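Report on the following structure.
The structure displayed is predicted, hence computed values, not measured ones.
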Amino acid sequence: MKLSYLWHGLPGHPIHPPLTDATIGIYTFATVAGLVEVLGITDRNGAIGWWLALIAGLIASAPTALTGLADWLTITWRSELWWTATYHLLSMLTTTVFFALAAIFGHGSYTHANVSTGAYVLTVIGFGFLTLGGWLGGAIVYVHGMRVLSLANEPTGRAVAPTPHPEKKAAEGA
């Protein structure tokens with residue numbers, strides 16, 4: 001077993017995409033929780049959920065970003081894939097900055113179980129960049145085919161197995 005499997009994952013089972021699912025889900029929850037508080041649908045719980053989800057999203061962003069960076073470093077410099085991945089990286093960094101600012105500037109309101117307008121605007125801007133980054137991340141996989149094995153006729157048991165595929169080991173030089 002290669003040490004790089006810890007940050008790249010196994011062939012056909014990269015680590016970065018499932019981490020992005022968790023991070024996107026957490027930030028989406030934060031945006032919705034903040035919205036229900038701002039609209040007056042909840043009277044405290046939305047604000048508490050909003051701020052705690054922002055913090056959880058920021059924590060989840062660390063391993064997500066590190067595994068994404070590890071993948072980005074393997075891409076051929078200035079290739080079309082590299083440009084798409086670089087725009088994805090920049091969008092996700094911008095996302096993290098806006099959510100961090102929302103958590104920082106919204107903490108005072110959060111302590112009173114409220115969501116301030118300014119902090120929620122930062123959240124919505126962060127969510128916009130999150131959506132753009134997710135779109136670009138999808139292009140990396142579904143358009144450029146990064147980390148896709150394309151073994152359409154692979155038996156289901158082997159396709160979902162968390163072990164390297166023998167035919168790909170030879171291609172990787174393992």
Side-chain angles (χ1 to χ4, degrees), residues 1-35 50 53-103 122-174:
M1 190 102 159
K2 292 181 180 180
L3 185 59
S4 67
Y5 290 163
L6 292 175
W7 54 86
H8 284 298
L10 298 167
H13 300 279
I15 298 293
H16 182 66
L19 292 174
T20 65
D21 292 348
T23 305
I24 290 169
I26 294 167
Y27 283 140
T28 300
F29 174 80
T31 305
V32 172
L35 178 64
W50 163 77
L54 286 176
I55 298 305
L58 292 168
I59 292 167
S61 291
T64 305
L66 290 174
T67 56
L69 179 63
D71 285 345
W72 181 80
L73 291 171
T74 67
I75 301 171
T76 302
W77 186 263
R78 295 194 170 272
S79 65
E80 292 303 320
L81 171 59
W82 182 86
W83 282 111
T84 304
T86 300
Y87 295 139
H88 167 70
L89 181 148
L90 292 172
S91 180
M92 298 316 287
L93 284 175
T94 305
T95 296
T96 304
V97 167
F98 275 101
F99 283 130
L101 290 172
L122 292 169
T123 302
V124 171
I125 294 169
F127 188 76
F129 279 103
L130 178 72
T131 303
L132 173 62
W135 179 275
L136 292 168
I140 291 166
V141 175
Y142 297 110
V143 176
H144 295 290
M146 182 172 181
R147 304 286 316 268
V148 175
L149 291 180
S150 296
L151 301 174
N153 296 320
E154 188 75 3
T156 302
R158 290 206 34 224
V160 300
T163 58
H165 294 269
E167 36 310 301
K168 291 301 171 180
K169 278 181 156 180
E172 293 176 346

Ring geometry between His88 and His16 (parallel below 30°, tilted from 30 to 60°, perpendicular above 60°): perpendicular
Looking at every heavy atom in both [X] and [Y], which two are closest together, and how far apart are they?
X	Y	result
Tyr27	Ser61	OH-OG, 2.9 Å
Ala30	Ala53	CB-CB, 3.6 Å
Trp50	Ala33	N-CB, 3.6 Å
Ile75	Ala85	CD1-CB, 3.6 Å
Met92	Gly133	SD-CA, 3.4 Å
Thr67	Ile15	CG2-CG2, 3.8 Å

CA sep, side-chain torsions, deciding dist, call: Phe98, Thr123, side-chain contact (heavy atoms from CB on, under 4.5 Å): CA-CA 7 Å; Phe98 275 101; Thr123 302; over 6 Å; no
Any side-chain donor near an acceptor of the partner, Trp82 and Thr76, under 3.5 Å: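 No donor-acceptor contact under 3.5 Å links the two side chains.
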As an exercise, state the distance from [atom1] of [X] to [atom2] of [Y], rounded to the nearest 0.5 Å.
X	Y	atom1	atom2	result
Met146	Thr84	CE	OG1	11.0 Å
Tyr87	Leu136	OH	CG	10.0 Å
Ile26	Thr31	CD1	OG1	12.0 Å
Trp83	Leu81	CH2	CG	12.5 Å
Leu66	Asp71	CG	CG	11.5 Å
Ile140	Thr86	CD1	OG1	8.5 Å

Candidates Thr95, Leu101, Thr94 - the one meeting side chain to side chain contact (heavy atoms under 4.5 Å, CB included) with Val97: Leu101
Flag, side chain of Thr23 to backbone of Gly57, donor-acceptor distance under 3.5 Å: no
